[in-house]
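Atoms considered below: every heavy atom in the structure, side chains included; atoms not considered: hydrogens, waters and symmetry mates. Fair warning: this is a prediction, and the values are worked out from it, not measured in the lab. Quick note on labels: first sequence line is chain A, next is B, and so on, each numbered from 1.
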Protein chains: 2
Amino acid sequence: MTLSRSASCFAEILSDLVELTDNEIQALKQLEARERNLRRGAVLQRENEPDHELYILRRGMMMSYVLLEDGSRQILRFLFPGDMIGLPGILYRGSPEALCALSDCVVCPFDRSALSNLIVQHPRLAALILVVNQIERVSLTDRLAMLGRTTAKARVGALLLELRDRLRATDKSIDNSFTLGLTQEEIGDATGLTSVHVNRMLRQLEQEGSIARVNGHVTLLDESVLARSANYVNRFEGIEIDWLPVPR
Amino acid sequence: MTLSRSASCFAEILSDLVELTDNEIQALKQLEARERNLRRGAVLQRENEPDHELYILRRGMMMSYVLLEDGSRQILRFLFPGDMIGLPGILYRGSPEALCALSDCVVCPFDRSALSNLIVQHPRLAALILVVNQIERVSLTDRLAMLGRTTAKARVGALLLELRDRLRATDKSIDNSFTLGLTQEEIGDATGLTSVHVNRMLRQLEQEGSIARVNGHVTLLDESVLARSANYVNRFEGIEIDWLPVPR
DNA sequence: CGTCTGTTTGATCCTTTTCAATGCGTGTGG
DNA sequence: CCACACGCATTGAAAAGGATCAAACAGACG
């Protein structure tokens with residue numbers, strides 16, 4: 001990983017897909033010129049409130065969620081370093097989703113016009129942003145199928161696998177063991193379950209020998225069982241793109 | 001609606017967002033140069049099979065879905081004229097979702113390189129494609145919250161509202177009454193329910209006076225109740241985009 | 001030490017699924 | 001034209017998977 005790359009988290013993600021040119025890396029760096037620190041629990045964007053800025057998440061873990069009329073919450077997505085966030089928010093007067101820091105975070109805010117300029121000046125980056133959006137989209141539809149058609153145990157298992165894979169993308173030292181920076185209530189709000197039932201599913205997975213747990217630290221003992229029962233696929237792997245425009 | 005516009009379904013959708021230039025319309029027309037007819041029930045793309053073509057749906061109604069190991073199906077999205085489809089499929093060796101015609105359809109296939117060229121030559125169209133992707137994304141997250149956190153009745157109600165709105169986008173004559181071109185099993189596969197329970201929910205909605213039904217034809221009698229109970233929002237409305245690049 | 005947040009466990013309730021059967025309309029071959 | 005099959009809607013009864021309610025418990029922190 002070259003030094004020039006690590007100046008931009010977003011560029012690092014894209015580098016997994018193609019070899020970026022210096023020009024492109026330079027342009028991406030500008031998106032992350034400014035930094036902003038968030039404390040654990042801080043709300044970066046509230047639902048239905050206008051906030052027309054975009055962000056690259058540089059460090060930490062965040063989540064996007066919606067609140068329903070009855071007070072319940074659905075977590076839509078967990079966010080990791082290199083994710084571009086806030087894109088849905090710039091389409092509407094009020095953001096359709098809230099953004100909140102799950103750990104201390106660093107985000108890099110940038111203006112909508114910066115995105116616009118990027119698209120004009122770097123068509124290949126525009127295409128890559130499209131590709132990343134589609135990966136995210138496929139992850140969302142995977143989660144849709146999970147909520148619609150799988151059991152509680154499978155959902156919890158799939159979430160654990162997904163978290164592991166996303167954490168591993170940033171930190172290659174992670175193998176099958178990681179710190180679960182989530183409460184059981186948060187896991188429930190992501191999987192459409194109650195925290196009580198999440199607890200029962202976790203211990204059931206533990207009892208069956210699929211996972212092990214030591215205060216907030218989870219080890220996946222039988223990935224294949226977890227993956228199969230929940231139809232889990234790591235959508236960040238196996239991307240094939242040979243049709244991109246030539247870089248500038 | 002000018003004549004030049006109607007030559008491209010996709011252009012019509014984009015015209016709701018901005019005023020397109022002749023150049024842009026011309027470019028979009030080329031995406032829909034070829035046509036292909038599909039019979040009701042025809043599978044345009046099978047899951048996990050390679051098909052690296054893209055399509056604009058010109059006429060009819062389609063769906064995208066995934067099949068799970070246990071044989072159950074999750075319908076991800078219903079597709080309507082003007083929708084660009086197959087985009088997730090060009091990222092992976094095997095398509096992550098299947099595409100199937102729910103009625104007799106006309107699709108316009110085009111090559112990935114055509115998309116690539118469009119992005120290079122028409123940055124504003126690239127940005128608009130990004131915007132349309134985000135609208136779709138927000139619709140998906142709405143459905144995620146629906147599956148995770150709302151009751152069976154609310155889900156069915158929300159689906160009816162969504163169908164009405166999408167059909168109305170193409171056919172302005174539709175008000176609160178439309179033909180439901182879906183079986184109750186399909187409604188179930190979209191809402192994460194069994195067909196049996198969908199039936200019960202439909203009759204319950206009917207009994208409460210929220211909807212009326214005459215062999216496959218549904219009338220929404222109390223939209224506000226349906227919308228509120230399911231947190232339904234029409235995401236194709238209220239788009240605000242003032243940050244797009246200048247057109248070519 | 002007391003408070004607060006989060007985990008764990010039990011008992012009960014309820015929504016939705018499952019299984020099973022009936023009816024209904026349409027198309028098809030004899 | 002009739003008999004039959006087939007897909008789909010409808011209904012009932014029983015079972016199950018999660019939710020809800022309530023309480024105990026553990027660790028962190030001022």
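When rounded to the nearest whole Å, the span between CZ of A:Arg40 and P of D:dC29 equals 11 Å. Rounded to whole Å, atom C1' of D:dC8 lies 13 Å from atom CG of B:Leu182. Taking atom CG of A:Asn199 as the reference point, atom P of D:dA19 lies 13 Å away to the nearest angstrom. Computed from coordinates, the B:Arg149 CZ to D:dA19 C1' distance equals 10 Å when rounded to whole Å. The CE-P distance, from B:Met201 to D:dA9, rounds to 16 Å in whole Å. Separating the CG atom of B:Leu202 from the P atom of D:dT10 is a distance of 8 Å, rounded to the nearest angstrom. The CD1 atom of B:Ile187 sits 11 Å away from the C1' atom of D:dA9 (whole-angstrom rounding). At whole-Å resolution of the value, NE2 in B:His197 and P in D:dG12 are 15 Å apart.
Here A:Arg40 pairs with nothing under the side-chain hydrogen bond (donor to acceptor under 3.5 Å, both in side chains) rule; sequence neighbours left out.
In terms of heavy atoms, B:Pro96 sits closest to A:Val138 at CB-CG1, 3.8 Å.
For the pair A:Arg168 and A:Phe80, the NZ or CZ position fails the cation-pi test of under 6.0 Å to the six-membered ring centre and within 45 degrees of the ring normal. In this structure, A:Arg73 satisfies the cation-pi test against A:Tyr65, with its NZ or CZ atom closer than 6.0 Å to the six-membered ring centre and inside 45 degrees of the ring normal.
DNA chain C is contacted by both B:Ala152 and A:Thr183; A:Thr183 maps to the nucleotide lying nearer its 5′ end (nearest heavy atom per residue). Along DNA chain D, the nucleotide nearest to A:Asn215 and the one nearest to A:Arg155 differ in position, and the one closer to the 5' end is contacted by A:Arg155. Judged by closest nucleotide on DNA chain D, B:Arg200 is the one of B:Arg200 and A:Thr150 placed further toward the 5' end.
The main-chain N or O of B:Cys105 is never found under 3.5 Å from a side-chain atom of B:Arg59 such that the two would form a donor-acceptor pair. A donor-acceptor distance shorter than 3.5 angstrom exists from the side chain of A:Asn234 to the backbone of A:Phe236, with no hydrogens or angles considered.
With D:dC8, D:dA19, D:dT20 as the candidates, the nucleotide lying closest to the side chain of A:Val196 is D:dT20.
No contact: A:Gly188 has no heavy atom under 4.0 Å from any strand. Residue contacts shown for B:Ser195 are absent, as no nucleic acid heavy atom lies under 4.0 Å away. Among the protein residues, A:Gly216 comes within range of no part of the nucleic acid, since none of its heavy atoms lies under 4.0 Å from any strand.
Heavy atoms of other residues, nucleotides or ligands lying less than 6.0 angstrom from CD of B:Glu47 number more than 12.
Protein chain A touches strand DNA chain C; the 5'-most and 3'-most nucleotides with an atom under 4.0 angstrom of its non-hydrogen atoms are C:dG6 to C:dA11.
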Task: Audit row: B:Asn231, A:Glu69, side-chain hydrogen bond (donor to acceptor under 3.5 Å, both in side chains) steps and yes/no - done: CA-CA 7 Å; B:Asn231 281 67; A:Glu69 298 243 327; 5.0 Å; no

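Overall bending of the helix from C:dC1-D:dG30 to C:dG30-D:dC1, expressed as the angle between end axes built from five pairs apiece, is 30° (10° steps).
Between B:Leu180 and B:His217 there is no side-chain heavy-atom pair separated by less than 4.5 Å.
Salt bridge annotation for A:Glu97-A:Arg77: absent, with no cationic side-chain nitrogen under 4.0 angstrom from a carboxylate oxygen.
Proximity of B:Arg203 to the phosphate of D:dT10: a side-chain N or O atom is located under 4.0 Å from OP1 or OP2.
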